[in-house]
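Report on the following structure.
As a basis for the values below, the full set of heavy atoms in this structure was taken, side chains included, without hydrogen atoms, waters or symmetry mates. Proteins get letters first, then strands, A, B, ... in listed order; numbering begins at 1 in each.
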Protein chains: 2
Amino acid sequence: MSNVVNAPERVAPDTLARVQAQIELLGYQPSRAAQTLKQERAGAWGIELNSAGFGRLGAILDTFLIELTTGAAGHGSHVVPFTAPDPLDPLPAYERFVASRVADGFVLTDTRTSDPRPAWLDAHHVPYAAFGRVWDDPGVTSWVDVDGAAGIDAAVRHLAEQGYERIGYLGWPEGSPVGDDRRSGWARATADLGIAHPEWQATTPQVIDAASSAAAGLIDAVGTGGALVCASDALALGAWRVLVERGLEPGVDVGLVGFDDTDIAQALDLSSLHQPLDQVAERVLHVLGTRADSRDPSVGGLLLDPELVIRSSSKPAGDRTKRKEK
Amino acid sequence: MSNVVNAPERVAPDTLARVQAQIELLGYQPSRAAQTLKQERAGAWGIELNSAGFGRLGAILDTFLIELTTGAAGHGSHVVPFTAPDPLDPLPAYERFVASRVADGFVLTDTRTSDPRPAWLDAHHVPYAAFGRVWDDPGVTSWVDVDGAAGIDAAVRHLAEQGYERIGYLGWPEGSPVGDDRRSGWARATADLGIAHPEWQATTPQVIDAASSAAAGLIDAVGTGGALVCASDALALGAWRVLVERGLEPGVDVGLVGFDDTDIAQALDLSSLHQPLDQVAERVLHVLGTRADSRDPSVGGLLLDPELVIRSSSKPAGDRTKRKEK
DNA sequence: TTGTATGCGTTATCAC
DNA sequence: GTGATAACGCATACAA
């Protein structure tokens, strides 16, 4: 019987068929617990969910988790979420998880500078793969990330092609790797296109009133026929509000592009950058698989491009024929 | 050694201390797999994540999952998400999960009429607890839900107290138990207050253009000094958009209340109904615990009240002194 | 009070 | 090509 399951080619065809029929008939499913015990692998990956829920994944965490869960099932494994009682010192939670062999390794999210987790996991020979670059150590290659700079770059070029002449950037305060990366895309693209105006930028936390005031100044600066690229859909929402309150129409008077393609972008018909979370999840699982089987470090970090979803907020500039009647 | 862990009172104090010191020293953690095998309980609960992501939990699923994960850890167990390859026929996924003993039972979400899962799980003696009423069978008591009708009722009364005179309802098309429940709260409260106007209601799917047109008609109907209660923050966003486009200020010209207290509500400073997901998770785990230990059906269904979070979109009606300068 | 043996379900090894 | 057996780590029952 064990041979049938585990080495079907070493068994006589008729016995194989007979045993398989019984397996089917009885609805036999191997016990994961026994398999785990025997093979010394849990077939599960842990993922820390931050109760704060902030950070860049706030808006897309659920989708990512679903993709991860679906992908893991395809590899015969599971994803087991856990929370760290103290988010500032998450390592004990990781340690318990690995010591009790609930998970063979981890999916890291919300990687940050001075993140203690990669070094600790490496030191303890625990496989991991990160959604988000491992910023501290360029030697670490077990990560997948979305190229925010490339995405913003593409958005800027798109807006320029649509005829918007002054393109500003509404972003987060300096210091967050993700935010700085996205801003660099704006700086790069505007420089390449010869339309760089470093003063057309504003920073604001993810709070609507602050975002609105910051956007207001920026809209003054770029004016009608200008456009704003935003670090997130939430910031774009702030800009959208200012535009509408002033009687300006997004995508007609002022171009607007957000980031993450959330409900908000869909609701307001905002162009936005969509992260390929299915590919991220697939790659994360691939990295985990190879890391767990061998210590093969040949799988390098991977940067995926977000997809610019074009909606009405980045219609050709000045195309006022399409202005909607109110 | 095993006695020390499992029956500390039956062991000599000095041996106990000595062994515990070693446990601490070696960082010993029992293997979940071995425990599972021995005790025939996985100490884990499965939760199906719908890849569609629609349904009422769309906006709050991640928070609920975090609460559930945190709560489970407190009980020494885990939560294991899984996806059904065919969402229309999820039972095989449940069956595999239980057959391989990955989970001892399930947390059901997105319960619906003609939901095949409760009956199947009961028939197979698999414990479960639902977030959402089990609509088909009033005899089933293993559920926890948030009283949407009571929440909307409270929102209507709040708006009436604030001086809004014509209170309309923007909801989903009839047929979904959750949506119908929420609508009934509006009907009830307006009737109680003697301000019922059944025609001040509109239904729309969670698609923004439809929501906006529906909201537009409704805003026409209730006019300035009126208010709208919405079945979700997404619908409230649609209404908010119409208001802003018309130069009306939410909470000054027209009152607005959403449901779920999502990012959107926080970003737009919308009053909204907050679901007590921590309590829901706690109760779900409690029900699961008692169901798994015994077949004790004494734990009945529980309806929790959502909390009305009051923000600027339901300020006293007509209080135009606070209208912000633009 | 302490130590030891058994079996949970699986898989891999090894006689047959 | 087939069937029996040991071991994974733990909890429990029982012997010392």
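In this structure, A:Glu40 places its CD atom 12 Å from P of C:dA12, rounding to the nearest Å. Atoms CD (B:Gln35) and P (C:dC8) sit 18 Å apart, rounded to a whole Å. One atom, CG of B:Leu16, and another, P of C:dG3, lie 13 Å apart when rounded to the nearest Å. Taking atom CZ of A:Arg32 as the reference point, atom P of C:dT10 lies 12 Å away to the nearest angstrom. Look at CD1 on A:Ile23: it is 14 Å from C1' on C:dT11, rounded to the nearest Å. Counting to the nearest Å, the P atom of C:dT11 and the NZ atom of A:Lys38 are 10 Å from each other. Atom pair B:Arg41:CZ and C:dG9:P shows a separation of 16 Å (rounding to whole Å applied). One can place CZ of A:Arg101 at 15 Å from C1' of D:dC10, the figure rounded to the nearest angstrom.
Both B:Leu37 and B:Asp14 sit near DNA chain C, but only B:Asp14 has its closest nucleotide nearer the 5' end.
Side chain of B:Asp137 to main chain of B:Gly139: a donor-acceptor pair is present (N/O by atom type, distance under 3.5 Å, no hydrogens or angles).
Checked against salt bridge (charged side-chain N to carboxylate O under 4.0 Å, His left out), B:Asp136 has no partners two or more places apart in sequence or in another chain. Residues passing the ring pair (Phe, Tyr, Trp, His ring centres under 6.0 Å) test with B:His124 are B:Trp120, sequence neighbours excluded.
Comparing D:dA11, C:dG9, D:dG9 by their nearest atom to the side chain of B:Gln39 picks out D:dA11. The side chain of A:Tyr28 lies closest to C:dT10, out of D:dC8, C:dC8, C:dT10.
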Which nucleotides of DNA chain D pair, in dot-bracket form (Watson-Crick or G-U under 3.5 Å, | meaning another strand): ||||||||||||||.|

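Side-chain contact check for A:Asp145 versus A:Thr111: every heavy-atom pair is 4.5 Å or farther apart.
Environment of CD in A:Glu282: sparse, with no more than 12 heavy atoms of neighbouring residues, nucleotides or ligands closer than 6.0 Å. For A:Asp181, the CG atom is densely surrounded, since the number of other residues' heavy atoms within 6.0 Å is greater than 12.
Aromatic ring pairs are classed by plane angle as parallel below 30°, tilted from 30° to 60° and perpendicular above 60°; the pair B:Phe97 and B:Phe106 is tilted.
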